[in-house]
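FYI, side chains are in, hydrogens and waters are out, and symmetry mates aren't considered; it's all heavy atoms of this structure. So that the names make sense, note that chain A is the first sequence line, chain B the second, and so on, each numbered from 1.
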There are 2 protein chains.
Amino acid sequence: MSLEQQPVKEHRRTRQRAAVDEVLEETEDFISAQDLHAILRSRGMSVGLATVYRTLQTLADNGDVDVLHTAGGEAAYRRCAREGHHHHLVCRSCKATVEVAGPAVERWTSSVAKEHGYTDVAHTLEIFGTCPRCAQG
Amino acid sequence: MSLEQQPVKEHRRTRQRAAVDEVLEETEDFISAQDLHAILRSRGMSVGLATVYRTLQTLADNGDVDVLHTAGGEAAYRRCAREGHHHHLVCRSCKATVEVAGPAVERWTSSVAKEHGYTDVAHTLEIFGTCPRCAQG
DNA sequence: CCCAATTTTGACAATCGTTGTCAGTTTTCA
DNA sequence: TGAAAACTGACAACGATTGTCAAAATTGGG
């Protein structure tokens, strides 16, 4: 098994990365690269769009943020509280997110895969719905 | 609850749709619109790319084919044997697919959603791995 | 503190999958 | 058969993302 997942060394500290980090830190819900870039601009903190993409990608590779692929085919990022592997319950309209863990699901997926002889198994699972607030409650 | 899912009326029968249908019928694994289009071309059956996209989309809307969003952000389609809701165990390299049902997972996702007050719940779950054949077995 | 090596940035072009446009073609059905 | 209505295809347009490459910033050592 060569599934090392050590927190690949953070590289250089730059104004831009700090800016991206900051936004992620204060953002509860998933946010796209474009939106994050827009927020930075609106605050007068000029950071190149490409840089935002690169930074988010690096963070994702390091496991520092979670990535979610929306129905519209865009990637959304979020700094998660929970440490280990987990999933998300995301509101369709406002993106409000709840982190959930489902040990049973993990077990199920790997057993199913094993049953069929599949190895090096991974899975994606996201739950979408309308949160109470958006449900006009 | 307004979750009607009646098989929206099939529209007109055209040479192009028949062609797309045919390829789907004989293709075991998930295939992208682009690839399907390429196959048609290679067979001399000229069908516009836009038409392929439109046809696949319609089929997907009608629930006649399943859609899968690959890591690379492209949509892949497949005519599934199983009737109801199910998931897929897909080989990363050759796309070999196994249809799997997980009633427990369905129950889990909806109960988790309910717990948090989320309504109109849906979920995506795909399992990826390396199939026995590709594992060089 | 200053420098050189190395990494990072950013403006912009380029790519990729996908959707919109719209005139011309085909299907359907009365 | 004759239209109305749906469908097609070539091509433009699009939005997200990645590649390019010279200029700028960071780092560790002297």
| query | Going by modelled atom types, is there a donor-acceptor pair between the base of D:dA5 and the side chain of B:R12 at under 3.5 Å? | reply |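 In this structure, the two groups form a donor-acceptor pair.
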Which whole-number value in Å describes the distance from [X] [atom1] to [N] [atom2]?
X	N	atom1	atom2	value
A:F30	D:dA16	CZ	P	18 Å
A:H69	C:dG17	NE2	C1'	13 Å
A:Y77	D:dA16	OH	P	12 Å
A:L56	C:dT9	CG	P	12 Å
A:L68	D:dA16	CG	C1'	15 Å

| Apart from A:V90 itself, which Ile, Leu, Val, Met, Phe, Trp or Tyr residues share its cluster (side-chain heavy atoms under 4.5 Å, direct or through members)? |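 Members other than A:V90 - counting any ILVMFWY side chain reachable under 4.5 Å - are A:F30, A:L68, A:F128.
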| Of A:E25, A:E26, A:E99, which is the lone residue that meets salt bridge (charged side-chain N to carboxylate O under 4.0 Å, His left out) with A:R79? |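 Only one option passes, and that is A:E25.
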| message | Mind checking if A:R54 touches a base, just sugar-phosphate, or nothing, with heavy atoms under 4.0 Å? | response |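 Base, at least one base atom sits under 4.0 Å.
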| said: Both A:R15 and B:A75 contact DNA chain C. Taking the nearest nucleotide for each, which residue is further toward the 5' end? | reply: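 The residue closer to the strand's 5' end, by nearest nucleotide, is A:R15.
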If only side-chain N and O atoms of [X] are considered, is one of them under 4.0 Å from the OP1 or OP2 phosphate oxygen of [N]?
X	N	answer
A:T14	C:dT9	yes
B:R17	D:dT8	yes
B:Y53	C:dT19	no
A:Q16	C:dG10	yes
A:R13	C:dT8	no
B:Q57	C:dT18	no

| message | Can you list, in residue-number order, the parts of residues 32-51 of chain A that come under 4.0 Å of DNA chain D, counting heavy atoms only? | response |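 Within residues 32-51 of chain A, the residues near DNA chain D are A:Q34, A:L49, A:A50.
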| request: Give a yes-or-no answer on whether the side chains of A:E74 and A:H69 include a donor-acceptor pair shorter than 3.5 Å. | output: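 The answer is no; no qualifying pair exists.
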| request: Say whether B:Q57 and B:Y77, considering side chains only, have a donor N or O and an acceptor N or O under 3.5 Å apart. | output: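 The criterion, which ignores hydrogens and geometry beyond distance, is not satisfied for B:Y77 and B:Q57.
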| Parallel, tilted or perpendicular: which fits the ring planes of A:W108 and B:H87, with parallel below 30° and perpendicular above 60°? |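 Correct class here is perpendicular.
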| query | Is the ring centre of A:H88 less than 6.0 Å from the ring centre of B:H123? | reply |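 Ring-ring flag for A:H88/B:H123: false, centres at least 6.0 Å apart.
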| Just wondering, more than 12 heavy atoms not from A:E115 lying within 6.0 Å of its CD? |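 Result for CD/A:E115: enclosed.
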